[in-house]
Amino acid sequence: MKVKVHKYTAPKIFGFFSLVTLFFLSGCNTYYYVPGDGNLLAITEPGDAKVAAGGNIIGKNKSYSFQAGYSPIEHLAIKGQFFRIKDSSPTYVYNPSPFISSSSSEVMGRGFMAEASVGGYLTSQNWRIGEDTQVRSKYAMPLQSSFNAYLGYAKGRIYNDYATSFLSSGNGYIPGYGYGGGVQVENFGNATLNFNKYFMQLGAHLSLYTIGLDFGFRGGFLDYSTAVINGQVIASEEMHVYKLQDFDPLFTFETSFRFQIGVKQARMYLSGTVARYNEELNGILKPSVFQCGAVLDLDEIFKKRRQK
């Protein structure tokens, strides 16, 4: 991994050492990887085409994703996903020295990941029996199971922006600013990390008329290709960047689930992904993501139009 670091001289003020201590103790929690929503579209037959969109707007972590899957021929399928997340941390206030009355730091994070995968699937026969088979088939999902395996590649980017401010107490001397109160200094910085991800995903899917259950197991490697640091970055955050370099490439194992309810043509879903990493990196890599959204079965929608 190559790390390219650009550092610009920040204003030198008294109490900088105390400020570094503040950053270590403030507990700013930013992430340098988020697992993303598992792409659990169950592609089960030739010509099958599905799209999904979901998100989470509750809490400080706001995310959304778009997914698509298609089977050009029997037993072969391709999938794609775009995932984006935005995270904002609260402001922390601390009195580091008699010469500085207050200091605050604010962290804003955001990132995205785009992925594509190709693989194969196997689908069981429709288990449905009974006199109402023809009526059910128009709207209900088939009573069947399917299994699949995919190989994929993803590319992502993480941005973290930092803003810090200091206000003198008015009783001391700040080098470069002299005596007196009300002297306020603001510093800004940012860190950008690019990464590549190589993964294999195994999936199992079960449809039960109006309910669908999906499970996915994904193992892969994260390779942080470049990292760029500009301006005045929180000391602990800068250490996290170099810590990632020491462990690069990183192995990840992700477990995903999805619960669906609806008809064959359209369904609502609730999904979640939980990731496991090296224990020493748990504090800087996000462990889980949960979303709700909708799935559209384009093949079934167009088929119904053709029948009309």
Side-chain angles (χ1 to χ4, degrees), residues 35-54 65-83 113-129 133 136-154 197-221 252-275 289 291 293-304 306:
D37 192 27
N39 193 334
L40 297 178
L41 294 176
I43 305 300
T44 59
E45 59 184 2
D48 198 0
K50 293 183 175 69
V51 295
S65 63
F66 299 96
Q67 301 174 353
Y70 175 67
S71 175
I73 60 175
E74 188 175 8
H75 301 309
L76 177 67
I78 54 177
K79 289 183 178 181
Q81 176 177 220
F82 180 80
F83 174 82
M113 180 169 58
E115 68 176 50
S117 59
V118 59
Y121 61 87
L122 294 174
T123 306
S124 69
Q125 293 183 350
N126 193 334
W127 304 331
R128 183 174 51 220
I129 57 176
T133 297
R136 285 183 178 272
S137 63
K138 293 181 180 179
Y139 304 102
M141 292 183 287
L143 182 59
Q144 65 182 20
S145 60
S146 64
F147 305 89
N148 50 57
Y150 291 89
L151 292 176
Y153 167 77
K197 180 181 179 181
Y198 308 89
F199 64 89
M200 178 178 182
Q201 176 176 306
L202 302 178
H205 311 270
L206 180 65
S207 59
L208 304 166
Y209 296 141
T210 59
I211 294 176
L213 300 175
D214 309 278
F215 301 92
F217 308 92
R218 178 181 294 192
F221 291 92
T252 67
F253 183 78
E254 302 168 10
T255 303
S256 301
F257 75 90
R258 176 173 290 174
F259 172 78
Q260 303 183 54
I261 184 168
V263 296
K264 183 186 300 184
Q265 293 77 15
R267 299 175 294 280
M268 302 295 293
Y269 72 80
L270 174 66
S271 66
T273 298
V274 179
V289 165
Q291 291 190 341
V295 177
L296 296 180
D297 193 322
L298 301 181
D299 180 51
E300 290 295 333
I301 293 175
F302 294 148
K303 183 187 300 184
K304 187 175 181 180
R306 289 195 298 268

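In this text, all values refer to a predicted model and were calculated from it rather than measured experimentally.
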Should Asp299 and Glu45 be marked as a side-chain contact (heavy atoms from CB on, under 4.5 Å) after you check the CA-CA gap, both sets of side-chain angles, and the distance that decides it? CA-CA 10 Å; Asp299 180 51; Glu45 59 184 2; 3.7 Å; yes

side-chain contact (heavy atoms from CB on, under 4.5 Å) between Ser65 and Gln81: does it pass, once the steps are laid out? CA-CA 7 Å; Ser65 63; Gln81 176 177 220; 3.7 Å; yes

Distance from [X] atom [atom1] to [Y] atom [atom2], nearest 0.5 Å?
| X | Y | atom1 | atom2 | value |
| --- | --- | --- | --- | --- |
| Leu122 | Asn148 | CG | CG | 9.0 Å |
| Glu254 | Phe217 | CD | CZ | 12.5 Å |
| Tyr209 | Ile261 | OH | CD1 | 15.5 Å |

Would a distance-only check, ignoring hydrogens and angles, find a side-chain to backbone donor-acceptor pair under 3.5 Å from [X] to [Y]?
| X | Y | result |
| --- | --- | --- |
| Ser146 | Thr44 | no |
| Lys197 | Phe221 | no |
| Lys50 | Leu298 | no |
| Ser71 | Leu76 | yes |
| Ser207 | Met141 | no |
| Asn39 | Gly80 | yes |

Which atom names give the shortest non-hydrogen contact between [X] and [Y], and what distance separates them?
| X | Y | value |
| --- | --- | --- |
| Phe82 | Ala114 | CD1-CB, 4.1 Å |
| Tyr121 | Ile43 | CG-O, 3.4 Å |
| Gly38 | Thr273 | N-OG1, 3.1 Å |
| Ala294 | Tyr269 | N-CE2, 3.3 Å |

Under 4.5 Å between any side-chain heavy atoms of [X] and [Y], yes or no?
| X | Y | value |
| --- | --- | --- |
| Tyr150 | Lys79 | yes |
| Asp48 | Asp297 | yes |
| His205 | Ser145 | no |
| Val295 | Leu41 | yes |
| Gln67 | Asp37 | yes |
| Leu208 | Leu143 | yes |
| Gln144 | Thr123 | yes |
| Ser271 | Leu40 | no |

Inter- and intrachain pairs under salt bridge (charged side-chain N to carboxylate O under 4.0 Å, His left out), touching residues 205-220, at least two apart: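 Listed by first then second residue: Glu115-Arg218.
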
Run the numbers on Leu213 and Phe259 for side-chain contact (heavy atoms from CB on, under 4.5 Å), then give the verdict. CA-CA 5 Å; Leu213 300 175; Phe259 172 78; 3.6 Å; yes

Any chance the rings of Tyr198 and Tyr153 have centres within less than 6.0 Å? yes

Go through the steps for Val289 and Phe83 under the test side-chain contact (heavy atoms from CB on, under 4.5 Å), then give the verdict. CA-CA 11 Å; Val289 165; Phe83 174 82; 4.2 Å; yes

